[in-house]
Asks: 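For reference, the structure I am asking about is given below.
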Amino acid sequence: MTNLLEIHNIHTFIGQFHILEAVSLAVPQGSITALLGRNGAGKTTTLKSILGLTPPSEGQIYFEDQPIHGYRSFEIAALGIGFVPEHRAIFRDLSVAENLRIAERRKGDLRRKEEFIFSLFPDLKRLIHLPGTNLSGGQQQMLAIARALVPDNKLLLIDEPSEGLAPVIIEHMMAAIRQLSQEKTVLLVEQNFIVASQLAERYVIIEEGRSVKQGLMADLVDDPATIRRYLGAA
Amino acid sequence: MLRKYRLQLITLAVLAVLFIMAIQGMSAKDGLTIVIRGLSVGAVTFLVASGLSLIFGLMDVLNLAHGTLFMLGAYAGWTIYVRPDTVVDLIPPLALLLVGLVLMPLWPVLLGRLGRMPAAVWGWLGLAMAGVLLLISLPSIPIAAWSARDYAQSPVSYAIMLSQGQLQFPPAEATGPLSPAVALGGVLLAGLVLGGSLTVLSQRHRGMRVRGQATPPQSPPKGRRISLSHWERVGVRATAAGLLLLAGLLVLALNDNLTAWLLGLGTNWLFGLALIGGTLTAAALGGLMEMTLIRPLYDRPIYQLMMTLGLAVVGHELVVALWGRPEFTMPKPALFNGVGDGCPAESWAAWLELHCSTILVLGGRIRVYNEIFLIIVGLVVLVAVSLLLQRSRLGMIIRAGVQDSDMVEALGINVRRVFTLVFALGAGLAGLGGVLAAPSIGLSPLMGESVLLMALIALAIGGLTSFPGAAVGSVLVGLMEQFIIKYGQIGIPLPFLEEPFKPSPTLVPASTVLLMVIILLAMPQGLFGRTE
Amino acid sequence: MSLSAATSSPRTRRWQPYLAPLGLFIGLAALPFVVALLSGQSPAGVLANEAGSAKFIQGLLIEIMILAIVALSYDLVLGITGLLSFGHALFFAAGAYLTGVLLKSFGWSLGATLGLVLVSAVLQALLFGVVLPRVKGITFALVTLGLSEVFYIVVQSRELGQYTGADVGLQGVPPPDFLNPTSHRLTFYLVTLIFTFAVYLFYRLFVDSPTGRVCVAIRENENRALMLGYNTFYFKLVVLVIAAITANLAGTLHALYQPVISPNIASLNAMVDILLMTLIGGLGTLTGAPIGAAIFRLLTFFLDRWFGESASFMLGVVYVALVLFVPYGIVGTWQRRGFHLAAGRRWLLGLLTGRGDG
Amino acid sequence: MAADIILETQQLRREFGALVAVDNVSVKIRAHTFHSIIGPNGAGKTTFFNLLSGNLKPTSGRVLFKGRDITHLPLHRTAHLGIGRSFQITNIFPNLTVVENIRLAAQALGRDNFHFWRHARHFRRYEERAAAVLDQVGLAKRADAPARTLPHGDQRKLELGMLLAPDPEVLLLDEPTAGMATEQVPELIDLIQGFQAAGNKTVLLVEHNMNVVMRVSDYITVMHYGQVLAEGTPADVTANEVVQEAYLGTLYGDVATDS
């Protein structure tokens with residue numbers, strides 16, 4: 001199994017604060033990898049650093065064995081990386097259809113993917129002309145994921161998909177992520193360990209801006225000491 | 001819906017009542033004239049304010065140099081209109097300069113071969129070098145100039161001569177020692193260097209944002225795969241550059257014929273060209289400004305504001321240096337300038353025949369250009385920009401970028417290019433406004449500052465980021481101004497004064513500022529601003 | 001205790017920063033005499049108000065010091081407290097015009113004039129204060145700019161022309177005899193010098209005082225200051241009052257010194273000049289303001305000489321270059337000499353974006 | 001009984017667009033207790049905190065402090081009532097020194113805010129208070145460093161110090177341990193607990209670390225989708241079936257108990 005994404009020792013500053021102080025990780029092709037860690041450990045910043053939204057000042061990032069650090073976000077994204085940010089970042093003033101259309105990288109992207117997207121999230125079809133503001137949290141989350149599916153992305157970076165969602169909807173979301181992971185590689189930040197452990201095959205733990213442990217999720221689930229040590233009980 | 005906009009509706013109702021009360025004492029003729037004139041001023045203000053609001057909405061830059069762009073557009077348009085010979089002389093060097101800019105996409109490839117991007121300093125050095133090259137080369141290219149000091153050769157006298165229909169141009173002269181061929185080569189080189197340095201500067205910024213200059217950001221990695229489509233694009237660019245070069249040389253060869261042809265077009269067509277030229281000049285300057293001077297400051301909003309303030313001053317001085325201090329006029333095109341028998345026209349049918357400068361409506365004289373044409377253009381722009389925002393992909397990106405430009409970038413869209421585009425668009429609108437306003441308000445180096453003030457007030461009233469707000473605010477400002485002017489003639493009876501108070505024209509802008517302060521005190525976000 | 005380093009004998013430490021200004025003060029007071037000696041005049045000539053380079057130098061320094069006071073007061077508002085006001089020219093111009101009109105048209109004594117200038121200064125600050133809690137950031141800049149534009153417009157209007165001289169400017173303000181800058185140049189020079197240093201010292205003390213520290217905290221993170229329980233509005237108002245009083249008094253000096261009060265001192269250009277002076281020296285440093293004022297005045301002097309008509313253009317270019325390349329000014333750069341430039345830049349980013357804390 | 005309630009919310013509700021972040025929450029906080037709020041990410045805990053401290057205004061509902069309505073009090077007034085609040089994201093004055101950060105916090109509620117020329121360091125009361133707090137949170141050695149140069153964990157401590165300096169009656173702590181290394185967490189929690197017990201304070205804590213919460217809390221409120229799911233002592237909450245189902249149960253069920 002080759003690695004789709006590799007990160008070597010990146011350091012990232014936000015303003016005056018040193019947020020990432022050595023993060024290394026690898027995301028194998030075709031897997032779901034979960035980034036775990038306590039609040040404020042630097043998980044979201046890791047995702048943003050991959051995309052160049054908070055560019056790392058040191059270290060290397062390789063996507064399909066091609067270095068992508070130092071490039072601008074839109075160039076990185078255009079290589080085939082989709083981003084589903086925390087709090088979804090749905091464009092409130094755009095309709096659902098526009099929210100999807102804006103993600104097109106080539107003309108007709110949306111038309112080609114329409115069927116797949118609506119089969120994953122049938123709700124969106126019903127809401128297609130509503131402005132983003134009027135969507136509920138779960139619908140926004142679906143739209144955010146759908147938006148990342150419009151272009152031909154190989155890797156999806158998903159930040160806290162289950163945050164603030166009711167259990168039923170989380171179930172639905174997990175099913176959708178599992179289904180789309182058959183063709184995409186996913187790097188996931190998830191606070192809810194249950195969700196993470198059921199979705200992901202691999203894990204990376206980040207603490208205080210460092211990647212401290214990574215491996216197979218199956219091993220982690222059998223290792224309550226590590227869970228307690230790094231993630232608290234929750 | 002009603003509850004949501006309650007405050008806005010009340011304010012507008014109060015203003016409407018005030019305006020109606022103000023009209024009460026006047027004849028229908030006076031009232032109509034004031035409203036139409038107010039709308040006309042509002043239309044010009046809107047052209048500036050709309051650009052300001054687009055730019056502020058998307059990138060949080062309050063461009064205090066926008067009035068200057070308005071002014072530069074007006075002066076450029078005037079030059080095309082009154083001195084086409086100068087413009088024709090300027091085309092070849094401009095075309096050669098553009099060649100370098102068109103070829104800009106080549107630079108990343110070349111620089112990529114170097115392995116690492118040169119430091120930003122090289123970009124700035126390159127810019128300076130291009131400037132020096134231009135300073136050396138340009139004087140050696142024959143360009144028909146005028147003198148700000150010699151009255152017979154000044155823009156003022158040309159404006160007068162044109163209005164009397166007796167333009168005579170002095171031959172173009174070169175003042176530099178170089179041969180024209182060498183000079184043109186110098187300009188071409190300057191264009192290439194300019195393109196290169198702009199590339200370096202635009203590639204650098206993201207890195208600088210991270211940690212400042214001390215730790216140079218990483219160089220783009222070597223061995224980046226260049227897709228075929230990239231080479232295709234380069235090919236298109238190269239062809240375009242070649243055509244530009246050819247066009248420039250062609251204009252150089254056919255200089256006199258082209259001038260004669262342009263003059264033969266007549267004022268209507270020339271005015272059209274002036275509109276296009278003024279808009280493009282302002283747009284190009286705006287785009288360039290954004291790329292070089294505003295972009296490095298996106299993380300320092302206060303400095304951005306200071307920068308645009310400084311650019312306003314620089315632009316003002318530039319106009320003084322090139323066109324001189326005195327005010328001068330821009331005659332209206334023939335379409336709106338008919339006089340003599342049958343004028344003012346009594347009906348639209350008569351107007352279509354005679355193209356009178358004024359028309360009688362309800363017994364009052366209405367100036368067709370100022371009070372009808374300008375309003376129509378204002379409406380057209382309002383509709384066009386609204387359509388652009390609501391229907392086009394660019395508009396979609398702008399609306400999305402207003403909310404979260406990082407997310408737009410993360411979708412794979414080059415937001416920085418969108419920024420430059422919107423800045424150029426806004427500047428172009430201001431330039432268009434400048435050319436349009438020039439025949440009615442005349443040209444002076446102070447026109448920028450006063451229109452900027454009006455536009456800022458309109459914007460603040462309407463809500464800084466709201467495009468419809470800019471329109472409403474502009475109309476309010478225009479109406480307010482006309483009413484105060486009218487009351488300057490008839491006087492306002494004040495309780496403590498025996499004679500009615502007649503505000504002089506200089507006081508007019510003060511009244512609009514007061515309107516702004518009052519509205520902002522009631523609604524800090526303006527009429528249509530977001531409340532957060 | 002372990003905190004000894006922080007609290008150790010503030011008395012000895014406190015006076016150290018004032019030694020250099022004190023030296024400068026003595027030096028400047030003696031300067032006219034030194035110049036007189038060097039140029040072959042007798043020092044007695046200076047006392048007798050003889051024409052010559054000593055008198056010229058005094059004149060130049062008076063201008064610089066008046067500018068320095070204005071720049072200092074602006075630094076307090078923008079650099080220390082982080083209030084983005086673009087209406088500062090109003091404070092200076094209002095002081096100048098009020099002094100001029102009261103002395104010339106109403107024949108008031110200097111004392112009475114000063115009294116009214118102080119009252120009007122407080123009122124101006126309160127005017128800004130009315131706006132303060134409602135509009136923030138760029139809108140505050142806009143509103144203050146608008147208010148100062150109103151003053152600029154009104155002062156040029158023909159309604160007030162008989163008092164203000166409309167767009168020509170206010171001419172022939174009679175300074176009191178003992179302070180006449182032509183006949184008693186040295187007195188005027190020394191008065192200005194003493195006032196300038198008094199202002200500087202007061203500002204220094206203010207910045208280190210409990211109130212001043214809160215002002216700095218407001219610049220750093222206003223929301224946090226609010227949550228600690230500071231009603232930041234009052235602190236900003238205090239700063240505005242102090243700055244308005246100082247700038248108005250500088251305006252008074254300007255009115256007494258200059259033969260003509262031009263309405264341009266209230267214009268947008270004047271605001272750019274104030275910004276430029278503060279920027280040259282370095283925002284938020286206090287020391288930078290007088291240095292910036294001196295450099296600014298000399299720069300205009302030499303640019304006028306070298307470029308004539310295009311001097312203002314060159315000044316604009318200098319300004320743009322400063323904003324772009326030397327954002328923290330001369331003193332700011334010098335203070336950060338030991339750090340990485342990047343550290344200084346980050347500091348600045350934090351300062352100006354307020355994002356430094358997140 | 002009623003006198004015992006120091007902080008109370010009545011039908012507190014806050015909407016963001018279509019999203020209801022806090023949905024008619026009525027909570028009573030007893031004086032001198034350690035009260036924790038738990039719930040999954042996005043359950044509305046931080047919004048609830050912002051409503052309590054006045055950083056956000058509710059769409060509807062009231063906040064009472066000692067029976068007095070403080071819902072619409074300006075931000076700076078709540079601090080004067082004796083309510084202090086910390087943030088999930090570090091919220092300090094980055095360019096001031098550590099001691100100055102604390103001193104400003106101590107000075108806030110005093111009567112010396114409008115002294116214009118005496119040097120701030122001459123006000124011994126605040127100096128001493130700052131020194132004491134610095135010792136308490138263990139930052140005395142870094143007193144003169146600019147706050148931004150501190151490592152993340154120390155910045156959290158500084159934040160806590162700024163909270164303790166004015167000696168508030170009620171402390172609202174929003175994930176005080178966020179981003180800290182696990183080893184440092186107990187230390188910080190002990191510090192908070194000590195402060196609470198010694199001064200007879202009321203502490204309201206949002207925390208993810210369930211072990212910590214269970215150990216230190218007198219009462220726990222469980223929030224879920226903007227609503228209160230359950231309330232009670234740690235024992236009550238752990239025993240509550242609804243909570244088991246929705247939050248704790250799944251966690252412990254799948255991870256802890258299976259292994």
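All heavy atoms count here, side chains included; hydrogens, waters and symmetry mates do not.
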Asks: For a 4.5 angstrom cut-off between non-hydrogen side-chain atoms, does C:T232 reach D:H76?
Replies: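 No; the side chains remain at least 4.5 Å from each other.
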Asks: Taking the side chain as every heavy atom from C-beta outward, state whether C:M227 and D:N91 have any atom pair closer than 4.5 Å.
Replies: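 Yes. Closest side-chain heavy atoms under 4.5 Å.
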Asks: If I measure from the heavy atoms of chain D, does C:V238 come under 4.5 Å with its side chain, its backbone, both, or neither?
Replies: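 C:V238 touches chain D through side-chain heavy atoms alone.
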Asks: Is the count of non-hydrogen atoms from other residues, nucleotides or ligands lying under 6.0 Å from D:F195 atom CZ greater than 12?
Replies: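 Check passes, neighbour count above 12.
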Asks: Could you report the tightest heavy-atom contact between D:L96 and C:E220, atom names first, then the distance?
Replies: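 For D:L96 versus C:E220, the nearest heavy atoms are N-OE1, 4.0 Å.
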Asks: Counting only heavy atoms not in D:R13, do more than 12 fall under 6.0 Å of its CZ?
Replies: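 More than 12 heavy atoms, drawn from other residues, nucleotides or ligands, come within 6.0 Å of this atom.
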Asks: Looking only at heavy atoms, which two atoms of D:F93 and C:R224 are closest? And how far apart?
Replies: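 Nearest pair, atom of D:F93 first, then C:R224: CZ-CG, 3.8 Å.
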Asks: Does any non-hydrogen side-chain atom of D:L104 lie less than 4.5 Å from one of C:V216?
Replies: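 Heavy-atom side-chain distance check fails, nothing below 4.5 Å.
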Asks: Got a second to check how far C:L228's CG is from D:R85's CZ, nearest 0.5 Å?
Replies: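 Here the rounded value is 12.5 Å.
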Asks: Do you know which two heavy atoms are closest between C:N221 and D:I92, and how far apart they sit?
Replies: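 Where C:N221 meets D:I92 most closely, the heavy atoms are ND2-O, 3.1 Å.
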